[in-house]
Amino acid sequence: MLINQFLLLGAALFSLGVYGVLTRKNAVLVLLSVELMLAAVNINLVAFDRYFVDTEAAGQVFALFVITVAAAEVGIGLAIVLLIFRVRKSANVDEFDLMKL
Amino acid sequence: MIEPPSEVTETSFESYAAELGESLGAERVVARHDTVRIYVDSQDWVQTIQSARDNAGLEFFSWLSAIDWSRDVAVGDPVENPEELEERIEVICRLSSVENGDGAHFVSVLDIEKPAIDSLVPVFAGAEWHEREATEMFGISFTGLPNTDHLYLPDSFEGNPLRKSYALLARAVKPWPGDVDVEAMPDASGEQDQNEEQTMGEV
Amino acid sequence: MILTDWFTMPENFVYSAIGVTMLATAYRVVTTRNVVHAVLHLVAALAASAALFLLLGAEFVAWTVVLVYIGAVIVLFLFGIMITRAPLGVETELSHPRRIRIPAAIVSFALFLVIGSTMVGAFKDDVIEPAPQGTMEFGITRTADVGQSIFQRFVIPFEVVSVLLLAALIGAIVLARKDPTEEESEATGTMR
Amino acid sequence: MIGTPIFDVFSTLLAGVNHASRFNDGGALAAGAWMIPVVPMVMAFLIVFFGKRSPWKGWVMATGTMLFVAIYGMALFLMNLVEGITYQGSVWLSDVGTTAFGVLNVEWGWMVDGLSIMMYFLVGVVGVLIFWYARGYMEDDVRYTWFFASFTLFAGGMLVLVSAPNLIQLIVGWELVGVSSYLLIGHYWEEHQNSSAAIKAFMTNKVADVGLFVGAIIIGVSVGSFRFSEILGVVEGESGDSTLAKYAFWAGLAIFIGAMGKSAQFPLHVWLPDAMAGPTPVSALMHAATMVTAGVYLIGRLFPFYMNDLFASDVRTVIIIVGAATLLLAGLLALVQDDIKRVLAYSTLSQLGYMTAAMGAGAYTAGLFHLFTHGFFKALLFLGAGSIIHAVHSNNMSDMGGLRKYMPRTFWTFLIGSFALAGIFPLAGFWSKDEILASIQYDASHGGGAVASTVLVVAIIGAFVTALYMTRTVYLTFFGKYKGDAHPHESPKTMTLPMVGLTIGAVGLGALNIPGITTWFTDSLAARFVAPGDHHATSIEWVLAIIGTAAALAGIALGYRLWHRDAAIQRDRDTFRIPVLYPLLENKYYIDDFYMGNIIRPVRGPLARAVDWFNSHIIDSVVNGAGYLARGLGKTVYLFDQRGIDGVINVSGFAASFAGGMLRLFQTGRVQHYAIMIFAGTVFLVVGLIIF
Amino acid sequence: MTVIDPTVAMHLSEAAVSVELETADMTINIGPQHPSTHGVLRLVARVDGERVHDVNPVIGYMHRGYEKLAEVRTYAQITALVNRIDWVSGFANEVAFISAVEKLMGLEVPDRAKYIRLILTELTRISSHLVFMSSYPLELGATTPLMHALREREHVMDLIEGVTGGRFHPNFNRVGGVKPALGQGASTKKMSQDLPAGFLQATSDAMDQVAGVCDDLDELVTGNEFFQARTVGVGFIPREKALEYGLSGPNLRASGVNFDLRKKGEMVLPYDDFDFDVPIGSNGDCFDRYVVRLQEIRQAMKIVRQAVEKIPAGPLQAKVPRIIKVPSGQAYVRTENPKGEMGYYIVSEGGRIPYRVKIRSASFSNLSILPWILEGALVPDMVAIMGSLDFVLGDVDR
Amino acid sequence: MSFWLLLVIKVGVIVGVVVMPLVLGIIFGELKISAHMQSRIGPYFAGGRFGWAQPLADGLKFMQKEDLVPDAADSAVYRLAPYVVLMGTIATFVIIPFGPDLIARDLDLGVFYLLAVSSLGTLGVLMAGWSSGNKYSLIGGLRAAAQLIAYELPMVLAVVAVAIQAGTLSLNGIVEAQATTELFGLNIHLPYVIIGQGLGFAIFTTAVLAELSRIPFDMPIAESELTMGYLTEYSGIRFTMFFLGEYAGMIAFAAIGATLYLGGWWIPGFSADDNLMNFIGPLVLIGKVLLLAFLFIWFRWTWPRLREDQLQTLAWKWLIPLSLFNIVVTAFFKVVF
């Protein structure tokens, strides 16, 4: 197996995630797209782990960390979306424009 | 034939009825057949019932309904002397005491054309359903009733079924055999005659 | 390595199947017009990534993805979506209009080209080597090794991550709970 | 050797006990002093968890803790008076290893020397009385148990701070005090202004804490250790070219900034008046013994560092100026307050200014002695104020008046506290204030120069102002007619008894350090590892004592003139003019008659009229004018504080928002638009890197 | 007498707090076809997650217009109607109506007839309560009590069937007494002719069986921690509310009101002759309503055992005319139905047909408290509370 | 024979030969046991004696029923949901050891795999609940998800204690560890439920009851409240799949419980190395599975169900602290002895 086949797959997945983050209106879907990007990162990490033959499996360990952080991110993200939904009655990111006020 | 039922069953019952009526300022008190009826002016309706609850110990709300006294009777038997009848609607509310089982019916006479009276819901929350039922069945309007949706009947139903003027559709199509039911059976046997003889003879 | 060689290796068939599934489902994640469908497609994409990890011999990571992502994160997503009443059927208001979608597509495709070309330029046709003796068993990383690595070399990041999780937990609770109502605050008197 | 059995157990458990330096062994008592900070800390948590079920819902636990501290502190204090203790015990919690600046160890320790013993005593004794008082005061509070838990934590944090043998532990205690003060100031968080006061106090302290951190880091890096004994050891064995000496000015300044925050020195004093939002016992403890004294304590702890000419002696000029400014400005502010607690708050500021100025003047003993005596009478005043507030359900003096009749015990104790604060002769405040004046004078003649001389004048004016506002407070509160709505009543015994106890302290503690007669306090403070190196008076400076007393008496006299009449009329500013002028005008006619009948009639000339005119206009208006000036100055300072300083902040905020308003024209406010730009930028960057 | 524990109400509110996540409100239609509505009742409930905001009960799906029908039927015919009002306690419905007619006519019913009425009423009570004992645990998820309780109910139904010939709708009362056994005259003196042979022994056996199942239920249900967790402190009805809404029967007594028409009020059946207690609840929660009913089964068994021993010989019917005409007058007679106060207000203008019959049914009033009691409850509690009120839709809709 | 082929054959054999008959057997057992608990006879006619073929007949009947998809439903998700549920359950059988060598794949993270795979069922239930387009279904699905999340935690923690005591995550390793655990240095070997993990077993069993949505934790399908919860709209073959999934899950968890706590295929008195175990091991495990399954059935037919908030209280306030305590105690003894 080539290392690049995994890296390219990861790049494609990442780009799809980026596309999702850029185009989705619904905040939950934006979060989902971020998950895609993180998954792409994980693929790269594990692939590099195998490629560089790390005796300490650092790539895998960091993939685990990424997963953990992603879980934390989803928890907080959903809580924020829920809060905004409660306040603004909408999960539309276009309306999260407090930065402009 | 049958003797008229005894007017007075117990003196204590009579005196209880009189006392109760007096204490509540009733217009008229009727006590027969173990049933006390206290006539109340419709203006004093809520006030009297509240005072019955608070002062006379009648804190149990049993039921609320009405009687349509009408000359124009579509089904069933009319009253005995229709010409003498004063057409009216009587609202009846039954309260009782949970201490000793006393109870009384509070009656208020309403105009049959536009029957209206104050709602009892502020006094007895449980009156709501009874009043809704009376509203749809008799067309009485209860002032202050929070919810006047039909309780039993479909929302689109029109008319007040328990009014005497409301005809039973089934009855119009096919007369009820009740009229013949009480006649002697065509093949009444001797045994039945015997029975009849026994009962009729002694009464 | 030429393409025909590549196709003679059986694991590359598995890889191709996984890759196609993954890209297809990921595409649906970012384009579908129903929120729940998007989440379910994400499940498929993540399951595909777990399969990819299995292919790479990273078993522990793979099942962690299943346990944490599919078992917990996605369920949380679905729970959150459904509790705020996800509509059945198609919604139109999920994506931006074409005015934004097209530049976004261009940018993300350019990003893919940049990353891809860099990768290709850097690694060319390097092959993933078999692992040295002692770290792998049947081409699968031993879980014990991963565990040792976490608890020896990476113990501080591990602790940091655990604190982060705790903070996220508390933060999520704080964010999601209702504020105390007015009556509650009035109930307590003040005296200085 | 190590004495108490308890300590044996403890030392067996934690085998790494290290007795770094024991110059004058305090014996078992000193070795066991680790309990002083630890017991309140532990108890604070126990109260949180078990308080509600314990007797008196946690009060017994809290007060018992403080009683323990008080008794222990008292024992140490007495022992120290007799023989002087210097003891330092520590437990090495962790050996972090070699760092960029040497071996760094985390140490938990306890210091038992003159300075910390004084603080143990102060916190313990004042604390237990205030805790006792708080039972009555907080009786109906909804968060009664929680209050005592945080209150215990507050005292515990201070004790951690005081017992710290190194800067790190000191910062831990420092922050504990900050956090628990935040909890306590915001105790009635249901009202928005209270919670914002808590935040204000916390944030102001945090700003100052940056200074402390910077200073601590500079010192730690320079010395290679955070321990006071080693830092001061470097100072003592100085040669002038140590790393510490190079950065000493900045380190000293930074640490002083930290101290300014906690001790609420101008211009970082803003949080303290607002901190009155907390319950009164909190204010009392905070002002008397725990929080605001921390800054002075810190300077005292590092005193040799500030005294040494090779090190941070230049900072002392800053310290003395800041102290003097605070003492005057705050004192004037106290003149125009209506809220009784705010009067006391500004008074605390003013007194802290005295302490700071004394420290700046190099008067270690004087500053700490004032801290010590002030702790007692200020706690007394606050408890008195709390008692009044409890009675009339208002903080405003315009709702009080005439309470002397209703609350005799409160009145007398409050009056004694006021006299002590004003520095009236035999009371504790007189001795400590006199000592400060003497020290400043000494400094003025020994290198302090013009600055110190000016400060001396300011301090004397401060004494005058102090007496003035305390007189005003007493008059408006206890004399005249009652103006409130509630029915005032004497507070319960649980509240008045602690006040009586504090009164004893406010009266008698001056005897500890009467220059030339008793030197107990001086001696006890001198028990240190490194000599503080200060000057302290050895005999009464008669001139200064008389001047100081005269200033105080003048303040009282003026106050009497201005406010002794019915306070209901006094507080109305429009009618204020008349009652002051009226008797004078009347007097004029008396004098006129007198002179007409006996002297002037024979003379009959313009001279008599000129004298008359001079008498009625110039002299009277000088007297009046002094009063007005004081009030006006106070008002101006207040306005400057509110408008000027706040205005600068507002302008900067406005500028930022204006700039932002300009910038927002370039922004859509939508994250995703930015994200597109970011990713596009990334792509361009990479492409550019590849191409070029 | 009775102490209503305030902590009970606290328990209820505590239970309600635990679901905190804010969600969109959802309107749920429970019924008309739903496992826990006991027939065709529809509840329009607005729920937020598991919390019920408000409930609007919609009834009338079974409205048969008995009050109107009664205006066109003879008294004998109405007897056949009224036992269909509350079909799980058919016999008990008849007694009140017949007694009201008898009161208007001034008839004195023979003692034996009264005893038979009483025995059958109490058997009906046992049967009705056993239905509750089976269905209520079922609503809380326990299936086994259903089988046990219904099995023993069959023995009771057999007894009723043996006497009246009908299991649900006996139509056994006649004006002036009860129906004579088939082929027998009304005034027969022989016992075997009105009660089936071996009735005494059969009753005693059946009562033993029922006593057995009561003990079983005590072990299987009453003492079960899960059952108590679901019912104790749930659906608390204070005494005042119970009276205000006209709750009667076991529901009222569970709220601590000592009111039983067998002990107080107009005595149409000779309950004075028997030794029995009226079980009273103390907390007014679902558990109390359950326990009160369980105890009532035991008390009813006690009455039945005594009555079967004491039953006097004598005629079954008073002398009544062949054609029953009721003199004009108004009378209200109420009896203690298993569900509560069952009353008939008969207005007669003379003749074979009543002018107006007002039927006061227990379940109607018992159910009317639903909107009040379900406000703020949880969805599972909604089922528990509804079930504990033990209503029958025929009794509600009439 | 290639690795993958062997794996497929093993899974096939285990699922087809052991699990499915066991499922039918347990369904039949539930019918009969419940009948006898309720003084009924139960199935009697199908298959001649005792009605043994009743589950088969039921299955056949279900297959003939129309596979309804409601109009309001999200058809694709609705159709997929039963498979997801069944898949999650079936996948667990991969690592259940029926003997020293009778195991499809002895993963070295066996228990971890198990927890990962069994969480898939939650997803299926949520899918079913949402896609039915029915409010009862939705509430049922949400309840199921909340419940499964809440009970996964105590289950994991209970299993962690076992893993600590055994020192391995592999299920076969755990069985062998039980076979070699010595009681007080005597040469007595007993299952973990007796040595050390009694509390853990109680927690595990409770959590399994909740995971399986069985009484007293069957709120997701509480028929008196939610008609049938997330199953309301399902009919025919898809309902059968849920049904099979439920019972297969019961067997899977019973087998895991038996392996973790009751010694799996090993019985005291035998050596774990004994080749005999390859022959009697499956029977021993099935016997233990039936024992546990009987326990579940017994609970099912005697208790009422709890309320949703009581269930959460039980999980968060009792089971999780208890299981943490269990871990601490286990770790303590592990270190000390």
Side-chain angles (χ1 to χ4, degrees), chain B residues 1-6 30 32-35 37 59-63 65 67-68 75-80 92 94 96 98-103 105 123-130 133 137 147 150-154 161-162 164 166 168 171 176 178 181-182 194-196 198-200 202-203, chain E residues 59-60 63 65 67-69 71-74 77 103-106 185-187 240-241 243-248 252 257-259 261 263-266 319-323 325 327-334 341 343 345 347 349-353 355-356 358 360 364-365 367-369 372 397:
Chain B
M1 287 302 291
I2 304 167
E3 287 174 6
S6 54
V30 179
R32 281 183 66 189
H33 304 300
D34 287 350
T35 307
R37 273 181 285 150
E59 49 185 343
F60 179 77
F61 176 80
S62 189
W63 52 269
S65 192
I67 304 175
D68 176 22
V75 288
D77 288 348
V79 293
E80 275 179 297
I92 306 175
R94 161 91 191 182
S96 30
V98 291
E99 295 305 322
N100 47 25
D102 291 337
H105 296 245
V123 186
F124 287 106
E128 183 184 339
W129 281 20
H130 293 269
E133 184 191 358
M137 292 297 177
N147 183 354
H150 279 171
L151 187 67
Y152 285 130
L153 303 172
L162 280 183
K164 283 288 176 186
Y166 189 89
L168 268 177
R171 210 60 189 283
W176 182 251
D181 207 31
V182 288
Q194 212 178 4
N195 274 346
E196 189 178 331
Q198 276 182 348
T199 50
M200 297 297 277
E202 286 184 17
V203 169
Chain E
I59 60 174
H63 185 54
E67 290 182 15
K68 185 75 176 175
L69 287 179
E71 290 176 11
V72 296
R73 270 157 179 71
T74 62
Q77 288 167 337
K103 180 153 279 176
L104 275 175
M105 292 174 71
S187 57
E240 297 73 32
K241 279 288 167 193
L243 291 173
E244 200 173 303
Y245 279 92
L247 256 61
S248 52
L252 182 65
V257 182
N258 185 2
F259 182 60
L261 289 167
K263 290 277 194 194
K264 293 174 180 172
E266 314 85 349
K319 304 278 186 281
V320 287
R322 179 114 187 266
I323 295 170
K325 287 195 171 181
S328 76
Q330 305 186 1
Y332 178 70
V333 171
R334 50 186 182 157
E341 177 185 331
Y345 188 53
V347 179
E349 279 295 301
R352 307 157 305 166
I353 299 177
Y355 185 75
R356 166 107 172 85
K358 161 68 190 169
R360 194 276 183 203
F364 180 75
S365 290
L367 194 67
S368 72
I369 202 170
W372 180 80
D397 287 350

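The figures here come from the full heavy-atom set of this structure, side chains too, leaving out hydrogens, waters and symmetry mates. Remember, it's a predicted structure, so these values are computed and weren't measured experimentally. Lettering of chains follows the sequences in order, A, B, ..., and the numbering in each one begins at 1.
- Looking at Lys241(E), its side chain never comes within 3.5 Å of a backbone N or O of Ala125(B) through a donor-acceptor pair.
- Side-chain contact between Gln330(E) and Arg37(B): present, with at least one pair of heavy atoms (C-beta onward) separated by less than 4.5 Å.
- Of the two parts of Glu133(B), only the side chain, counted from C-beta on, holds a non-hydrogen atom closer than 4.5 Å to a non-hydrogen atom of chain E.
- Between Phe259(E) atom CZ and Glu59(B) atom CD the span is 10.5 Å, to the nearest 0.5 Å.
- Not a single donor-acceptor pair under 3.5 Å links the side chain of Tyr245(E) to the backbone N or O of Phe61(B).
- Both the backbone and the side chain of Glu67(E) come within contact range of chain B, each with at least one heavy atom under 4.5 Å from a heavy atom of that chain.
- With hydrogens and angles left out, the side-chain atoms of Ser62(B) and Arg334(E) include no donor and acceptor closer than 3.5 Å.
- No side-chain heavy atom of Leu151(B) sits under 4.5 Å from any side-chain heavy atom of His63(E).
- Ring geometry for Tyr345(E) against His105(B) counts as parallel: the plane angle stays under 30°, on a 0 to 90° scale with 60° as the upper cut.
- Both the backbone and the side chain of Ile59(E) have a heavy atom closer than 4.5 Å to some heavy atom of chain B.
- One finds the CD atom of Glu341(E) at 5.5 Å from the OG atom of Ser96(B) (value rounded to the nearest 0.5 Å).
- Most heavy-atom pairs under 4.5 Å with chain B, from the set Leu69(E), Leu367(E), Val347(E): that is Leu367(E).
- In this structure, Tyr355(E) and Asp68(B) approach most closely via the heavy-atom pair OH-O, 2.7 Å.
- Note: His130(B) leads Met137(B), His130(B), His150(B) in heavy-atom pairs under 4.5 Å with chain E.
- Note that CZ of Phe60(B) and OG of Ser365(E) are 6.5 Å apart. Values are rounded to the nearest 0.5 Å.
- Heavy atoms of Lys68(E) lying under 4.5 Å from chain B belong to its backbone as well as its side chain.
- Across Leu153(B), Val98(B), Ile92(B), Ile67(B), the residue that shares the most heavy-atom pairs under 4.5 angstrom with chain E is Val98(B).
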